Amino acid sequence: MLERFWGPCKVPESASEQDSTLWGYFITLRKESTPPMNIKQQLAEHLAGQLDGIDSDTLAGLLEYPPNPEMGDVSLPCFKLSKQLRQAPNKIAEQLAERMPSHPLVLKAQAVNGYLNVFLEFTAFTRELVQEILTTADRYGSSTVGEGKTIVVDYSSPNIAKPFHIGHLRSTVIGNALLRIFSYMGYKCVGVNHLGDWGTQFGKLISAYLRWGSEEAVRQDGIEELLRLYVKFHDEAEREPALEDEARAWFAKLEQGNEQASQIWREFIDISLKEFDRVYDLLGVQFDSIRGESFYNDKTASVIEQLREKQLLEEDEGAHIVRLDAYDMPPAIMLKKDGSSLYHTRDAAAAIYRKNTYDFDKCIYVTDYAQNLHFQQWFKVIELMGYEWGSNLVHVPFGRVSLEGVRMATRKGNVIKLDDLLRQAIEKTLEIIEAKNPQMEGKEEVARQVGVGAVIFSDLSSNRIKDIVFTWEEALNFDGETGPYVQYTHARACSVLRKAGGGERLAIGGANAADAAGTATVAAELLNDDVSQLVMKQLAMFPEKVTQAMEKYEPSIVSRYLIDLAQSFNRFYHDCPILVDDAKLRSARLALVESVRITMSNGLRLIGLETPERI
RNA sequence: GUCCUAGUAGCUCAGUUGGAUAGAGCAACAGCCUUCUAAGCUGUGGGUCGGGGGUUCGAAUCCCUCCUGGGACGCCA
């Protein structure tokens, strides 16, 4: 049975009318012959029958990719099996090599030094893989493991009235990537922005605003003006300590619902959100819920009450604490001696509210690692309160950003505002485009996509726990392992596909699989050269990379993967001419290019980058 | 002081549920655009995996210890 559809399914938004016709590759597939393509899984199941008491899942976990091609394509180290089977590793490998029944995807298997090295039957492997990628298209690499489950991701969470600087970027882009990855794995995701909109600093701001500020100035300069007022307050307060009391009084009024204080405070929030929204728009980040800490003010009392009931609360030097000695942690202060709540209390209240509202299976907090202890403490408090879902709270910490090794401090003014960084990145991209591709349409839009992509990608390209030392030179470098490099490679693939012309029929089949419609079939065996094979193996790894990224809450796994894929594709692009006269070879290579284009586009979107088709 | 975390090429980093010869990029140098986008590709040089012990068939990966950087440790978040 033949199934036909147009691919790629998505007609690019930016493409002009005539462009979209070029995208109409007519792809003919045999749908019934595309089981999910997972080499490790298939091999594990195949091997499981040969070994007593070892199931396929264990085997799949043991399988690995050998460091070089002479050692095969997938291999099974038999050392761990030797204990259970009471045989020498090389014996096990040899027996497996000899006795293994034939499998369509396996060319041969060799025993080497305790490893069973499996060489793939590349024609079959390539055919199946390409079929799967072209069939699943923008869902290639996705999964349904999360179906019916909900994940709440708390990320970004900037402070009101403070500039959004590059330190806030990490939480935003990591959280956004995790949200997309979990969604891709079938989870229902709720993105939450937990604004820092409460605390004594708002008393200071109100005080400063009334003394030296004006509505016009704030309207005009936004957060810049609020920052100026905040800094001025601190300067003045050094000379006149009475200002601190005034600020405390204003915060007290704000807490009591004083009309004037509340109105000014709301104004600060509006101003700030307006600026944040501009940044979020640029970054392509959206939230399902934006609430400040203030929202949970009236919900902390219930937390305290429950702690009392459970006899967890203890008075100490006037403050109320929960002892955590049994868990090797210092006590968590839940109430100050003046009776007001702290962030432990508010975070706990927020978690309970979210559990009631979203009934999450997991709630993830993306913050820098300075808050490690804080989260461990209140997670434990939630558990002690009797909420068994306390163990489903996850802190995802990341490293800190500094400037040339010096810590950023808003009040000292040594911060890089994200706005400035993005603007410079976009500007530089535009310059490069003017120099290399001046006749391109929609230059501004592409510059935005690539400039912003460069910034996001560089934040996601290394392990999130690593500290980052910011330098302009590095931030604006677009060569090598960067976002622009991956996007450029993607655009290259798009360009070849475009040049191939519309209406070309790409039929994916085996060498002998004559198509019922009489279409020329893509001959997978023409992709058996080393360079093409490397690309195919790389493509096959995408699904497990996405899974790993999810399990480890580590978007950089996807970023690194995209670099690897781009590298192997660029080698292919360089070594193998695609638009050749030989129709069969041309179709085969185009099928590879289309597979790369799909996979790269999926990966880029997962980490929050856009996928321009021309750069 | 206690606890957490990081330390891999000159620089930035991959690689850590223990596996085969530790890999990329940047920078440096040498090549490749009359051919599908040179933001690209190829090659060269570059390593006591912080030091020292240990565990074992095997350690960058696990354990102990020391050194260095970062962080947290009761009324900020």
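Quick caveat, the model's predicted, so the values are computed rather than measured. The sequence lines fix the lettering, A, B, ..., with proteins before strands; numbering per chain opens at 1.
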Inset, instruction - Please check the phosphate of B:U42 (OP1 and OP2 only) for any side-chain N or O of A:Arg571 closer than 4.0 Å. - result: yes
Inset, instruction - Can you check whether any acceptor in the base of B:A20 is under 3.5 Å from a donor in the side chain of A:Ser75, or vice versa? - result: yes
Legend entry - OP1 or OP2 of B:A38 under 4.0 Å from side-chain N/O of A:Arg492: yes
Inset, instruction - Please state whether the phosphate of B:C13, meaning OP1 or OP2, lies under 4.0 angstrom from any side-chain nitrogen or oxygen of A:Asn463. - result: no
Legend entry - Selected nucleotide, minimal atom distance to A:Pro577 side chain, candidates B:U37, B:C41, B:C36: B:C36
Legend entry - Polar side-chain contact A:Asn570-B:A38 base: donor and acceptor under 3.5 Å: no
Legend entry - Side chain of A:Pro66 - closest among B:A20, B:U37, B:C41: B:A20
Legend entry - Atom of A:Ala109, atom of A:Ala97 and distance for their closest heavy-atom approach: O-CB, 3.7 Å
Inset, instruction - Starting at atom CZ of A:Phe457, determine the distance to atom C1' of B:U12, rounded to an integer number of angstrom. - result: 14 Å
Inset, instruction - Let me have a per-nucleotide readout for nucleotides 70-76 of chain B, 5' to 3', with B, S or -, counting only protein heavy atoms under 4.0 Å. - result: SSSSBBS
Inset, instruction - Would you please classify the geometry between the A:His344 ring and the A:His374 ring as parallel, tilted or perpendicular, with 30° and 60° separating the classes? - result: tilted
Legend entry - Phosphate contact (B:U5 OP1 or OP2) by A:Lys466 side-chain N/O below 4.0 Å: no
Inset, instruction - Output the single nucleotide from B:C41, B:C13, B:U37 whose closest atom is nearest the side chain of A:Tyr573. - result: B:U37
Legend entry - Watson-Crick or G-U stems of RNA chain B, 3 or more pairs, under 3.5 Å, by first number: B:1-7 with B:67-73, B:10-13 with B:23-26, B:28-32 with B:40-44, B:50-54 with B:62-66
Legend entry - RNA chain B: 5'-proximal contact among A:Asp328 and A:Val469 (nearest heavy atom): A:Asp328
Inset, instruction - Measure from the ring center of A:Tyr561 to the ring center of A:Phe542 and say whether it is less than 6.0 Å. - result: yes
Inset, instruction - Return the value, rounded to whole Å, for the distance between atom CG of A:Leu62 and atom C1' of B:G18. - result: 12 Å
Inset, instruction - Please tell me which of the listed nucleotides, B:A20, B:C4, B:C26, lies nearest to the side chain of A:Asn477? - result: B:C26
Legend entry - B:A24 phosphate, OP1 or OP2, under 4.0 Å from A:Tyr561 side-chain N/O: no
Inset, instruction - With the side chain of A:Leu579 defined as its heavy atoms from C-beta on, choose the nearest nucleotide among B:C36, B:C13, B:U5. - result: B:C36
